[in-house]
Protein chains: 2
Amino acid sequence: MPFLLLIEDDDAIRTGLELGLSRQGHRVVAAATGEDGLKLLKEQRPDLIVLDVMLPGIDGFEVCRRIRRTDQLPIILLTARSDDIDVVVGLESGADDYVIKPVQPRVLDARIRAVLRRGERDSTDSAAFGSIVIDRSAMTVTKDGQDLQLTPTELRLLLELSRRPGQALSRQQLLRLVWEHDYLGDSRLVDACVQRLRAKIEDVPSSPTLIRTVRGVGYRLDTPQ
Amino acid sequence: MPFLLLIEDDDAIRTGLELGLSRQGHRVVAAATGEDGLKLLKEQRPDLIVLDVMLPGIDGFEVCRRIRRTDQLPIILLTARSDDIDVVVGLESGADDYVIKPVQPRVLDARIRAVLRRGERDSTDSAAFGSIVIDRSAMTVTKDGQDLQLTPTELRLLLELSRRPGQALSRQQLLRLVWEHDYLGDSRLVDACVQRLRAKIEDVPSSPTLIRTVRGVGYRLDTPQ
DNA sequence: GCCGAGTGTCACAGAGCCGTCACAGAGGAA
DNA sequence: TTCCTCTGTGACGGCTCTGTGACACTCGGC
């Protein structure tokens, strides 16, 4: 399920899109200002951002640029038809697509899926971490050339970690990305899965070099040198 | 020199692309409607088709599907940014790539060359997987030289898998590609067809080496060794 | 060293996924 | 019509996976 961050100051439009996009099968969090949006971005790590151009405070273009300084995640700009804006400025600030308001949720949904699809295709199909090679299209993982038998959950976990190498992900974030739920009580769910994954991909599972524990936070996938 | 068929109803865009692509070193024939395009396709046998989605009469998706019924030649879809379409549908109707208008001839050229390169590698008229040989123009499959009697559905399934060797395809994707519908409840439709196909092409159907199960995802056609 | 919070580990039972099968309806040929 | 093949369905069983909770362990602060 795609996980979206919607940044839009107009209450009516924001609520409408939030509802509409949820019905189209997305999980949506929303912010009314650029500042709030950037904050939510860091906390929640969405898959894609839908970003209004005309915002109080820092505007959409600026938000876009700031995101692009550190992040490659896809951005769709929302612009009012009456805005006499230069599409080039928008695209140069790093947006992936443009949608003109008013927009039907299902239209926006189609654009979102298109952009996500493009992203999937553009992202390299394989990644390497030490002796581990992940082939995203074959959905296989090999260690020193040998095929590893990962279970679906282990694979999803590794894929999500590998999409953000070197970045610490909290248990909460992993839960959302891999299990698509929101609430982790104090179960050892994530830890247990990490343990099983380590058992398969680490040379010495008890002192892992790939999936590192970040105490007080969660886990991080490193490329050992 | 790549030989292209361009199907696009807008005169200005068609002429512009025709000229631009010629300058990039392609030979181009153009048609303004799907019907004309299909006629030209038969007469001229181009290497690749650039196909607009929004066409008067039969639309691009339908043209794409009709071509795919008999032909494996590469197709690039052209879609207007404002088109209310789901690009995923386009790729699943059998296209190899898509490009969003407006597009610079040199960008389109790059995509064309990429698709053709990909094509050279794997869309020859026959393909071999272990002892299985698929002849796409004769629509026959042989195992150790012996003709196999595949049913139409089994054949389509094998063809779709073989167009993407080594790539895991979900049941959902296979359903769209082979059966052309959208909803898989929790029926065992895909599995049953895979089972029947395995019974014919695998040496030991109960431990398949060609059509591998990707647990939690779907299936993948491998070339053993 | 002691303590508490955070993390690693494990076994187990239930859930989920997949292979398999029989069957019935559709469709085509004679 | 009858016969035959093909195809989709749903039930079933087996096996794998996975979440849980208990317990052990580690780390860092005091």
Side-chain angles (χ1 to χ4, degrees), chain A residues 139 141 147-161 168-221, chain B residues 139 141 148-161 168-220:
Chain A
M139 302 286 266
V141 178
D147 244 55
L148 290 183
Q149 298 299 323
L150 299 192
T151 70
T153 311
E154 289 160 6
L155 182 61
R156 278 207 303 279
L157 174 61
L158 182 58
L159 287 175
E160 293 298 343
L161 286 168
L169 292 172
S170 70
R171 289 178 175 68
Q172 190 66 50
Q173 289 172 320
L174 288 170
L175 198 69
R176 240 191 319 260
L177 289 167
V178 177
W179 284 267
E180 303 188 355
H181 5 126
D182 265 343
Y183 185 64
L184 174 72
D186 64 343
S187 89
R188 308 246 56 76
L189 172 53
V190 178
D191 309 60
C193 192
V194 165
Q195 183 214 347
R196 286 164 180 154
L197 185 52
R198 279 173 171 164
K200 296 185 182 176
I201 70 173
E202 296 282 355
D203 288 329
V204 186
S206 56
S207 56
T209 57
L210 292 167
I211 302 182
R212 311 297 288 267
T213 302
V214 184
R215 205 181 160 80
V217 183
Y219 300 94
R220 187 184 67 216
L221 181 60
Chain B
M139 300 288 267
V141 179
L148 289 183
Q149 298 301 321
L150 299 192
T151 69
T153 310
E154 288 159 7
L155 182 60
R156 276 208 305 280
L157 174 60
L158 182 57
L159 287 175
E160 292 299 342
L161 285 168
L169 293 173
S170 69
R171 288 178 175 70
Q172 190 66 243
Q173 286 175 308
L174 288 170
L175 199 68
R176 293 215 180 107
L177 289 167
V178 177
W179 284 268
E180 300 185 4
H181 40 103
D182 267 346
Y183 276 122
L184 176 71
D186 63 342
S187 91
R188 309 244 57 76
L189 171 53
V190 177
D191 308 60
C193 193
V194 165
Q195 185 211 349
R196 286 162 181 154
L197 186 51
R198 278 173 171 164
K200 296 185 182 177
I201 70 173
E202 295 281 356
D203 288 328
V204 186
S206 57
S207 57
T209 58
L210 292 167
I211 303 183
R212 311 294 290 267
T213 302
V214 185
R215 201 165 221 277
V217 183
Y219 299 94
R220 189 184 64 218

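Side chains are part of it too, since the values below use all heavy atoms of this structure and drop only hydrogens, waters and symmetry mates. A note on names: the letters A, B, ... follow the listed sequences, proteins ahead of strands, and every chain is numbered from 1.
- Not a single donor-acceptor pair, N or O on each side, falls under 3.5 Å between the base of C:dG6 and the side chain of A:R188.
- Residue A:T153 places none of its side-chain N or O atoms closer than 4.0 Å to OP1 or OP2 of D:dC17.
- Remark: the backbone N or O of A:L210 is paired with a side-chain donor or acceptor of A:E202 at under 3.5 angstrom.
- Between A:E180 atom CD and D:dG19 atom P the separation is 12 Å, expressed in whole Å.
- Using a 4.0 Å heavy-atom distance criterion, A:V214 is classed as a sugar-phosphate-only contact.
- At the phosphate of C:dT7, neither OP1 nor OP2 sits under 4.0 Å from any side-chain N or O atom of A:T213.
- Here the P atom of nucleotide C:dT7 and the OH atom of A:Y219 are 7 Å apart, to the nearest Å.
- Atom CG of A:D191 and atom C1' of C:dC10 are 13 Å apart (whole Å).
- In this entry the distance linking CZ of A:R212 with P of D:dC27 reads 13 Å, nearest Å.
- Between B:K200 and B:R215, the one whose closest nucleotide on DNA chain D sits nearer the 5' end is B:K200.
- A close approach under 4.0 Å does not occur between any side-chain nitrogen or oxygen of A:Q195 and OP1 or OP2 of C:dT7.
- B:A168 and A:M139 make their closest contact through CB-CG, 3.6 Å (heavy atoms, listed as atom of the first residue, atom of the second, distance).
- A:L157 has its side chain within reach of A:L161: a pair of non-hydrogen atoms, C-beta onward, lies under 4.5 Å apart.
- Atom CG in A:L155 sits about 15 Å away from atom P in C:dC17, given to the nearest Å.
- Taking the side chain as every heavy atom from C-beta outward, B:T151 and B:K200 approach each other to under 4.5 Å.
- Distance, B:L189 CG to C:dC21 P: 18 Å, rounded to whole Å.
- Picking from C:dT9, D:dC17, D:dT7 the nucleotide with the shortest atom distance to the side chain of B:T151 gives D:dT7.
- One interatomic measurement links the two molecules: CD of B:Q149 to P of D:dC4, which rounds to 18 Å at whole-angstrom precision.
- Across all their heavy atoms, B:V178 and B:E160 have their closest contact at CG2-CG, 3.8 Å.
- Between the side chain of A:R198 and the base of C:dG8 there is no donor-acceptor pair of N/O atoms closer than 3.5 Å.
- Nucleotide C:dG16 holds its C1' atom 12 Å from the CZ atom of A:R156, rounded to whole Å.
- Place B:W179 and A:L150 on DNA chain D by their nearest nucleotides, and B:W179 ends up nearer the 5' end.
- Contact check, B:S187 against D:dG8: no side-chain N or O comes under 4.0 Å of OP1 or OP2.
- The side chain of B:R196 places no N or O atom within less than 4.0 Å of a non-bridging phosphate oxygen (OP1 or OP2) of C:dC21.
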